[in-house]
Every structure is written in C-alpha cells, then in structure tokens.
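Start at 1 and go down the list; that is how both ligands and their atoms are numbered. Atoms considered below: every heavy atom in the structure, side chains included; atoms not considered: hydrogens, waters and symmetry mates.
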Amino acid sequence: MKKALVTGTTGQDGSYLIELLLAKGYEVHGTKRRSSSFNTSRLENLSRERGSKPDNLFLHYADLADAGSLTNLVRDVQPDEIYNLGAQSHVAVSFEVPEYTADVTGVATIRLLEAIRASGLGTRFYQASSSEMFGSTPPPQNEETPFHPRSPYGAAKVYSYWAAVNYREAYGIHASNGILFNHESHRRGETFVTRKITRAVARIVEGLQTELVLGNLDAVRDWGYAPEYVEAMWLMLQHETADDYVIATGEAHSVREFVEAAFARVNLDWEKYVRTDARYERPSEVDALIGDASKAARVLGWKPKTTFTELVNLMVDEDLQSVRDERSGKLVRIDI
Ligand code: NAP
Ligand code: GDD
C-alpha cells in the first residue's frame with residue numbers, strides 16, 4: 001500500500017485529493033492546523049459516506065511555518081509521495097500579510113524538500129505552483145512563459161517553483177510543479193470570486209442577501225473544475241521523470257461573464273444586484289490568465305472535461321441546495 005502525505009488537506013484541493021488517493025488504495029496522512037473553531041468541514045462527507053473516519057486516513061497537527069513538525073512527520077510517516085498543497089492562498093490577503101505569505105507559501109517548500117533530502121527515502125514531491133506566477137506576462141501562458149508575479153503570493157509561489165526545480169537538479173529528487181490555473185467547485189473558499197458570486201446568487205434567491213459587491217469585473221481567468229485538477233497532480237507523481245506542467249482549460253472568461261452566467265442560471269438580471277467597490281481591487285492586478293495545457297495532454301494524457309457553463313451551473317445549484325439545507329436545519333457538522 002502506497003503512503004501519501006498531503007499538506008493543506010482542509011482546503012478545497014486537499015479534500016478532493018484525499019478522496020482520490022483513498023479511492024486508489026493509498027494510506028493517506030494529512031496535516032491540519034489547530035483552530036479555535038472546526039476547520040475540517042470539507043472532509044466531512046468522507047465521514048458521512050462511511051459513517052466514520054476512513055480507516056486509511058490519518059490527520060496530524062502540523063504547520064508549514066514549523067519546520068520541526070514537518071520533519072518529524074516525514075520521518076515518522078515515511079511517505080512515498082508528498083503533495084504540498086498548504087499555503088496562504090488568497091492573493092488579495094497576501095498584500096495584507098506579505099511576510100507570513102512569503103514564509104508559508106514560499107520558504108515552507110524548502111522545509112519539506114530538506115526533510116525529504118535528510119530522510120534519503122526517495123519520496124516524490126508535488127508542488128502546488130500557480131498561474132499567478134505569470135502575473136503580467138500576456139496569455140496564452142505555457143511552461144516556457146516567463147514569470148512576472150504581481151503579488152506577494154505570486155512572488156512566494158515563484159520561490160517555491162524554483163526550489164522544487166533546484167532540488168530536482170541538485171539532489172535528483174523527483175519534484176514536480178503543477179502550474180495550475182484557477183480551479184473551482186462548491187468547496188471553493190467563500191472569499192474567492194467564483195464562490196463569492198455563486199453563494200450570493202443562492203442567498204439572493206432565498207431572500208438572505210440583497211446585493212453583491214465586487215472589485216474588478218474585467219479580470220479574465222481560465223476557470224476549471226477542481227476534482228479534475230487533483231487527478232493531474234497524481235498523474236505527475238506517477239510519471240517516471242519529474243517535470244513541470246501547466247494545467248488549464250484554455251478557455252477564458254471575465255469576472256463579468258461569470259457573474260452574468262451565475263445570475264442567468266436562476267433567471268435574474270445581474271445588473272439589478274451587483275455593484276463594484278474599490279476596496280475589493282488589488283494594488284496590482286493580474287489582468288488575464290489563459291493556459292495552454294498541451295504538454296499535460298501529450299505527456300500525461302490529462303484533459304479537462306467540465307465546461308465553463310457546466311461549472312457555473314453546478315456551483316450555483318450546489319450553493320442553492322446548501323442554503324436551503326441550512327435553512328431547514330439539515331446540515332450537521334461532524335468533526336473528523
Ligand atoms: P485553500 O482552499 O485556500 O487551502 C489551503 C490549505 O492550506 C488549507 O488546508 C489551509 O489550512 C492550509 N494552510 C494555510 N496556512 C497553513 C499553514 N501555515 N500551515 C499548514 N497549512 C496551512 O487552497 P486550494 O484552493 O485548495 O489550493 C491548494 C493549493 O494550490 C494552494 O497552495 C494554492 O496556493 C494552490 N493553487 C490553487 C489554485 C486554485 O485555483 N485553487 C490554483 C493554483 C494554485 P486551514 O484550512 O487551516 O486554513
Ligand atoms: N476574491 C475576489 N473578490 N476577487 C475579485 C472580486 C472580489 O470581490 N472582484 C473581482 N475580483 C477579481 C480579482 O481581482 C481577480 O482578478 C479575479 O477576480 C479572481 O480572483 P480570485 O477568485 O480571488 O482568484 P485569483 O485569480 O486572484 O487567485 C486564485 O487563483 C490562483 C491561480 O491563478 C487563488 O486560488 C490562488 O491561490 C491561485 O494560485
């Protein structure tokens with residue numbers, strides 16, 4: 001039985017990756033952080049489906065800012081694969097907490113790579129790199145496109161990207177970067193734009209909210225469906241040689257188009273509910289990200305399946321269901 005160690009298990013991607021790895025028969029070890037309130041809600045459906053925590057899932061307290069906690073975990077678990085998904089992942093927030101973001105989203109990658117090096121185990125390493133690294137370099141972006149990050153988050157991810165490449169070249173570690181473009185789902189954090197929109201649409205329909213306040217509606221993103229993107233992470237670590245891959249749909253839409261499509265799903269005119277406020281704009285914006293994932297298709301056989309409209313519709317539908325369940329008292333919180 002293969003063993004995987006995943007950081008960021010309580011996040012959107014972590015929850016989907018854990019499901020994928022458990023389904024493939026892995027023993028999965030995940031990190032979670034101490035929090036004053038429950039922070040494992042995304043893992044709850046695993047418990048709900050089975051009636052208890054899956055036997056092959058082990059959650060450990062650790063923090064990417066705490067080298068000892070990471071080194072001890074690698075030593076104790078002896079994983080075949082590590083997926084480094086943990087990060088301060090919000091671009092706007094990274095302008096408010098730049099040094100913390102540099103530490104957790106940047107330097108922490110070296111902590112994990114050093115733990116692998118010291119262990120001598122031959123553990124394979126996945127680094128959650130990001131299209132934010134391309135920043136202001138115009139689209140389409142692929143593996144050869146130069147980086148020009150536009151935020152402390154983007155700069156920290158560039159540091160981690162090169163750390164993974166360097167440990168591959170210097171020490172022969174099987175370390176791969178997945179340069180993932182935006183990917184969404186109903187498990188997406190509520191302050192990222194897609195989920196903020198679909199949640200607001202659901203709440204407006206149910207009479208719990210009257211307006212939606214956004215920032216820059218002109219930004220263009222390449223939005224895919226998160227469960228398909230974690231499959232690409234796994235494929236990278238199964239490949240004989242480590243390498244770097246862009247994962248994207250290649251299809252571009254503006255934030256305005258996302259808003260329009262989300263309100264259209266419930267037959268509402270978005271212009272009656274949406275206004276903009278400069279407080280949601282960033283000191284420096286990334287105008288357009290559109291990925292060329294042809295290398296991943298050619299080498300890994302990975303291709304996106306869910307279309308933009310399907311993604312918007314499924315997120316609106318799930319949020320409507322959640323709001324209705326919550327109102328009827330149907331949602332039960334289980335800590336895992
Ligand atoms: P997310 O939902 O924000 O999840 C981030 C995870 O990191 C959470 O589990 C969080 O724990 C954990 N974390 C934060 N600070 C930590 C710390 N100091 N120590 C340990 N864990 C910490 O992000 P996501 O959307 O799943 O993205 C997963 C990874 O892919 C991130 O590295 C992100 O930067 C990167 N990425 C995401 C996208 C995308 O479109 N989603 C695209 C490209 C790259 P808590 O729950 O306790 O906060
Ligand atoms: N969050 C947010 N909130 N974004 C808004 C809003 C708003 O009210 N209004 C407009 N936007 C615009 C942002 O300015 C940005 O151009 C775009 O919507 C997308 O913002 P986010 O959903 O916050 O995502 P992101 O593209 O900045 O970052 C996400 O994708 C990266 C990959 O490109 C995050 O998941 C990163 O962790 C990830 O690396």
What is the nearest protein non-hydrogen atom to atom 40 (O) of ligand 1, stated with its residue, atom name and distance? His183 N, 2.9 Å
Closest to atom 43 (C) of ligand 1 among protein heavy atoms sits Leu180 O, 3.1 Å
Take the angle between the ring planes of Phe258 and Phe308 and call it parallel below 30°, perpendicular above 60°, tilted in between. perpendicular
Starting from atom 1 (P) of ligand 1, what is the nearest protein heavy atom, named by residue and atom, and what distance separates them? Ser89 OG, 3.7 Å
Residue part near ligand 1, for Asp13, under 4.0 Å between non-hydrogen atoms: both
Which other residues end up in the same hydrophobic cluster as Leu121, if Ile, Leu, Val, Met, Phe, Trp and Tyr are linked when side-chain heavy atoms come under 4.5 Å apart? none
Connected to Phe181, directly or through other members, by ILVMFWY side-chain contacts below 4.5 Å are Met133, Phe134, Phe147, Val158, Tyr161, Trp162, Val165, Ile179, Val246, Val286, Leu289
salt_bridge(Arg195, Asp319) N-O dist < 4.0 Å: yes
Test your reading of the structure: does Gln88 have an N or O sitting under 3.5 Å from an N or O of ligand 1? no
Contact check: Asn182 vs ligand 1, nitrogen or oxygen atoms, below 3.5 angstrom: no
Give yes if a backbone or side-chain nitrogen or oxygen of Leu214 is under 3.5 Å from a nitrogen or oxygen of ligand 2, and no if not. no
Nearest non-hydrogen contact with atom 30 (O) of ligand 2 belongs to which option: Asn182, Thr194, Asp13? Asn182
Which of the ligand 1 atoms, numbered from 1, are nearer than 4.0 Å to a heavy atom of Gly11: 2 (O), 4 (O), 8 (C), 9 (O), 26 (O)
Does any N or O atom in Arg188 lie less than 3.5 angstrom from one in ligand 2, N or O only? yes
N or O pair under 3.5 Å between Tyr280 and ligand 2: no
Is the closest N or O pair between Val104 and ligand 1 shorter than 3.5 Å? no
Sole candidate of Asp63, Thr31, Asn84 that passes side chain to side chain donor-acceptor pair (under 3.5 Å) when paired with Thr7: Asn84
Ser129 N/O under 3.5 Å from ligand 1 N/O: no
